[in-house]
Structures are given as structure tokens and as C-alpha cells.
Amino acid sequence: MAFVRVPRDGVPVTQAKDVALDPSLGKRFTLKTDVVVVGSGAAGSMVAYEMAKAGRDVLVLESGRYYPSSEFTEHLGDTMTKIYQDQVGQVNTTADIIFIQGACVGGSTVVGACVMEEPGDAILDGWAEKYGLDALSAEKFRPYLDKVADELQIHTNEAHEINACAHKVIQGCEKMKFSWKPAQRNVKQCALTGHCLAGCPSDRKMSSLVTHLPWATAYGARVFSDTEVIRVKTRDGRARGLEARVVDPDSGAHVADMHVDADMVVMAAGAIHTPLILQRSQIPDRSGQLGRNLAIQPFTQVLGKFKEPLYGFRGALVGVQVDEFTHTDGYTIFSGLAEPESLLAQGDMKAGKAHINFMKDYKYYAGVNAFSKDLGKGYVQWDGDAYTGDKTIHFNPSREEFENMKASATLAARIFFSAGAEKVFLPTFQSLEADSVFELDAKMDKVDYGIKGLYTFRSNSFSPHGTCRMGTDPYQSVVSPSGELHDTPGLFVADSSLIPESMSAPIQWTVHALAKYVSDQINENASNYFIV
Amino acid sequence: MNSQSQARQIQRVWQQGLARRQFLKWGLGSVATVAAVAAGGFALLRRSPRDAVSRPGWAADLSDDEFHLFDRAREVLLPVAGTALVDSAAIPVVQNIQRTLNYLDPVTRKELGAGLGLLDNIAVFTHGCRFVDLELPEARQMLDRWGEGGVLQRTLATVLKQLVYSAYWQDPQTWQPVEFDGPVSDKWGLSYLGNAPLPGPLEVSAQETTV
């Protein structure tokens, strides 16, 4: 009998500064392991935990820094510059859609708003039927979702977790007879600080930083931060490890080159970076789908101003969701109003006095994020060589997607007017606001699709997915139903890249469950991959 | 180039299927060309009394022109006189902008610099002086007009406003007047919960499991 001891807090992580100070490693070193996991977020941490628990030697490589919760300041500006991908500057090619992503040990689970939603049975059964993914049918996949719910303490918001901002959404929905429900979140004993996006300093958010990563390390997994994977190494067509570069996160100085020899490589760097790494590794792709089918779940932020002070930024960040249109039209609206500097993404962007007056009214605002479904037609691309090349994210809304975004934002505005809003600020690059529901449509009509929908709605994406889609047909999909690439044995994908088509529900819960499923596939067929 | 012909040109570029870099290079290349013309042909008009003032030592990562542009934009965009809001002169707005720009990759940083250079210089054509020398109401009108203009105008106006507003509102001194609470965990004395215990039937205590 052996004891598995989870540290009281923090995760044992080897950082660039540790590598720099370790003379035994030097400027170029090689590590050997059974499984190397690329990325430490929702998927990577889950794979690391499941594989380490099964007795495998596991190495996790994270390109972001290690930022333990004891260092969280509840200051969004500080946090954004340290642990958000590209300091929140990760944008599409035309720089009008922001892809918000965590870049730290724990990934986006650290900076997300804790919103969790299961994919519906129809979605799962649709994947099973359309892509031959029988194991993802509702009947077979639901146990994975349930297990994740237990591990991450997912619960439906209780009354005290629904703040004044969310109550305005409820009020509007009741008047409009729209269906709404309390959101589900992965948080225990939420302290209602409203600072989710800056990380949870008291570790109430059940991010990977306090769950699967410390659990994985308790079972012996090793975690390196500040380590950017350059390429996956293959020999005789089989993945054999990878090359990485350790970089000081503050100075950008190159600290060391790392080589990893491994029996298996599991990609879990997210739907943007996983395909980019595979592209620059020149991994064979019969389907031509690697990096394609990018779905982004675009959302805009709509703001309503009310007569009475709401202090809508206090309390749980996300309280309720409007689910009236989720299954019919793909629109889902979540309540939420964040810090002053992120309010800029929602509110008036006029120059001077108008902006000052707008900000002075902060306590009178309620906000929502209005999500719409996209068609999954974007793509990511790596240009240039593996070391000095550059990524590009290609997504501009089609006319249909543009109309979806408009419809979702308009619904959000109607909900606020029904709840008694005096004014609604529309999420457009043009400065547009409506003073009553009667002028709403006319104002929205001013937003013209123009050229590729450029600079129309101020859109963001938290949930890119689909860029290494899973399926049985190697000419239509990148990854087989086991999670292994069709054309490269020993190379697996376990993150949101796998999701075979655009979905409208928030994806984090699905991603955790997919990673758990892929881990099971590996463990059940361990004799094929490892010398036991 | 007026916004209509600009829009047609952009459409052609898109139809040719050019990628982002080329799009941006085209856009900001045009910008740089216009800026260069403005800088050369209108050298006299673009002279500003601010040219004689060097940027402070801490602004080493900005050019003199950039420093003056951001500092003037601060005055233009944040007129807080007569309100309870904190005077922007008391907030390190330009320092914060410099810090943000330092996070950009060099190519984007250079392109952005060229674009903002255009914004400063283009006013020479319309107002007879650079943006930094416009009276406050004129400068605000120009930014609002650009906010409704063509794609490049909208982009540059948005970028400038976003940089200045973010740099101002990220400072905790600015929060109290709008009653934003800022960090609360320490203030409220929240207990620290630490890592979650291992799941599953093997769990024997909160932090210890036998296998």
C-alpha cells in the first residue's frame, strides 16, 4: 500500500528559472517518458491525471507560465498581461475578433467564468450517426460527463449566486416568456467576488490548477512550464517524442532546448495551437482537414442601463442563461458584467465626454454575453519554419453568421428593454445605442454586413473547436474514434480540436469528458502502445 | 483616399484572396505612404511646437511622435474636469500604453506605429495641423468621425481609444469614483480552500489516498 499525497496548495512545476539554475540540464537536454502531454488545460490536465493514475510516466509541457493562485491579485489588467494568450491580443487575420484563451499552467480553466454545460443528447447522437462516433453517443458518452461533473463539483447556481445583473435578465425573460435557467458552474463555496476572469485567489474555482494537475503530480506526473513545443518528432511514421524550447516568460530569453523521447504524444494545446504544432511538424494529413473546420462560438457583449443602481459587477460573474433559442437557433445568452477595463469591450467608445458619462454610470448597468452558432468554416495556419514562423487565425463571419450574431444581440437587447432598461448599448464598432425597443430594429439595421462582416460587431471567442475533427473516415477527419491520428500511430489529440462540428453549448465540460474518454481508449489498449 | 475608394480597394484585395499579413501590409503600407507624403510634402504644416519637447526618459520604447500622440489623446479622450473621476494626468496612462505595446510582436508593433502615425499626420490635410495640435473639440470630432468611417479609420480610432481607455481604467485609483470594489478577497478575509481532494472511492482523507 502506498500513499498518494496531494499537496495542500500549488502544483510542483519546473519553470524556466529552475531549468536555468540546474547545471545537470544545461542548454540542451533530453527527457524520457511514456507519455508526453502538450498543454495543461482542461484536456491536458485530465489526460495527465488519468495516465499517471494508470501507472504511466507522464510529462506535461505548458508554454505559458506557472502562476499559482497565491499570486492572483483580482486585477484583470495585471492578469491579462501575464496569463492570457498574447496578452488578449490573439485575434483573427483582420483583427476584429478576439480569441480569449489562458496561457498558463491550467490553461483557460484558470481564467474562465466557470460556465459549464453538457452537450445535449441530440448533439451527441448526431456525432455518432454523422461521423461514425458510436462511443460518443449520448448513452455511451454521458457517463464521462457525469464523472467530470463529480470531479469538478459542477452544480446549478443557487439563489445567492444570481446577482442583480442576472435578475434583470430573469425579469426580461419572464416578460418575454423566454425560457431561462440558472447557469451551471464548476465552483465550490463561491465567494461571489465577481473576479473569475482574473483567476480565483481562494481556489474556489475548480480549475485544473487545483484539480487534475495536482492530482496528476500526486501520481508522479512531471509538469514543465515556459516550454513551447516546436515540433512532434516521428520515426518510421510513428510519433516518438518532440522538440521544445524553454523560454523565460519575463525576458523572452531562450533558456534551453528540450528533447523528449516518448512512447506516445498527446496533443492538448487547444483548437488553435494543437493543429498549428501538427502543421509545423509536417504531420501527414490525408483529409486536408488539419486546422480547418474552426468553429468559434462568437459572442458579443450587450449592455443595458437601468434607472436604479444595480452594482451588476458584484456577485457571481455568471448567474443565468437564456436557453429559449439554444436548440432552435443556436443563440444562448449568459448574464455577466465584468471589471471597468473589460467594460470597454461592451460599452460606448465615443471620444471624450460621452465616454466619461458612460463610465460614470457603471453601477446602473447589466450586461450579457450573446452567443451565436457559427458554421465552423474558419481555419488556422502556420506559415514559415517551425521556429520563426507565425500563426494566423482565419475567421470572418459569413452573411448567415453575421445575421446570427445580429439576431442574438437583438434578442439580448429586447430582454433588457423588457426588464425596464432606459438604454441599450449595442455591441458594434460603430457607436450605436437604442433608447427604446421601438428604435432597436432601425439601429440594428445600420449595421451593414459590408465586406466580409469586417468591423461590424465587436465579437469575441472563448470556445474555438473543431480543427482536428474526429471521425471514422480518414479522408474526412484528422483523428480516429480512439483519439489517435489516422496517419500517425502514437500521436493522439485530446482537446477541443476533436469536436467534429460546430456546437452552441459552452465546450469546457465536453472537452474534459473527451479527454477522459481518449485516456480510457489509450489505457484500454495499453499493450499496443507501451511495453507493460 | 476617401473611404469609398478605400472600401473598393479593400474589397478587391479580399477578392484576390490575400491573407492577413498582406492585407495589413497593404493597408498600413498605404498608410505609411500617405504618412510619408504628409511628412515630406507638408513638412512645414506638420511642424508642431511639441516637436521641440523630447519624450521623458521612461518612454524609451516610444518615439517622440508616439509619446506626444498618446499624451494628447489622453487629454482628448479623458476630460474628467467637473466630475469625481481622477484626473488622467495623475494616472500613468502613457506608461501603461507603452507597457501594452511592448507585449506586441515586432511586426504588429511596427504596423501599429505606422497606422497611428497616419492618424496624427492626416489632420494636416483636413485641419492644417497634426492631430496633436488640434483643439480638444476638433480632436474629439475627428476621432468620432473616424469611428464611423472606413475600415482603416475605424480600426485606428478604435485602437487609439482602446489603448487610452484601458490604460486609464486599469489603474485602481480610477475605480473608487465609479464604485467598483476592486480586489475583495483579502478585504473580506476569505478563507483559502487550496487544492481539491483526490476523487474516487480510494479517498481516505481530504489530502491523502491509498493505492
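Values below: all heavy atoms of this structure, side chains included; hydrogens, waters and symmetry mates excluded. In what follows, chains are A, B, ... by sequence order, proteins preceding strands, each numbered from 1.
No part of A:Asp361 comes within reach of chain B, as not one of its non-hydrogen atoms sits under 4.5 angstrom from that chain. Looking at A:Leu432, neither its backbone nor its side chain comes within 4.5 Å of chain B, counting heavy atoms on both sides. Only the backbone of A:Thr73 comes within less than 4.5 Å of a heavy atom of chain B; no side-chain atom from C-beta onward does. Neither the backbone nor the side chain of A:Lys53 has a heavy atom closer than 4.5 Å to any heavy atom of chain B. Neither the backbone nor the side chain of A:Phe72 comes within contact range of chain B; no heavy atom of the residue lies under 4.5 Å from a heavy atom of that chain. For A:Gln430, the parts sitting under 4.5 Å from any heavy atom of chain B are the backbone and the side chain alike. Heavy atoms of A:Leu209 lying under 4.5 Å from chain B belong exclusively to its backbone. A:Met80 does not touch chain B: none of its heavy atoms, backbone or side chain, sits under 4.5 Å away.
Salt bridge absent: B:Arg55 and B:Glu66 never bring a charged side-chain N and a carboxylate O closer than 4.0 Å.
By the 30° and 60° cut-offs, the orientation of the rings of A:Tyr362 relative to B:Phe180 is tilted. Under the 30°/60° scheme for interplanar angles, the aromatic rings of B:Phe67 and B:Trp58 are found to stand perpendicular.
Taking chain B as the reference chain and counting heavy-atom pairs below 4.5 Å, the highest number among A:Gln381, A:Glu151, A:Lys353, A:His212 is found for A:Lys353.
Taking 4.5 Å as the limit, every side-chain heavy atom of A:Thr392 sits out of range of all side-chain heavy atoms of A:Val380.
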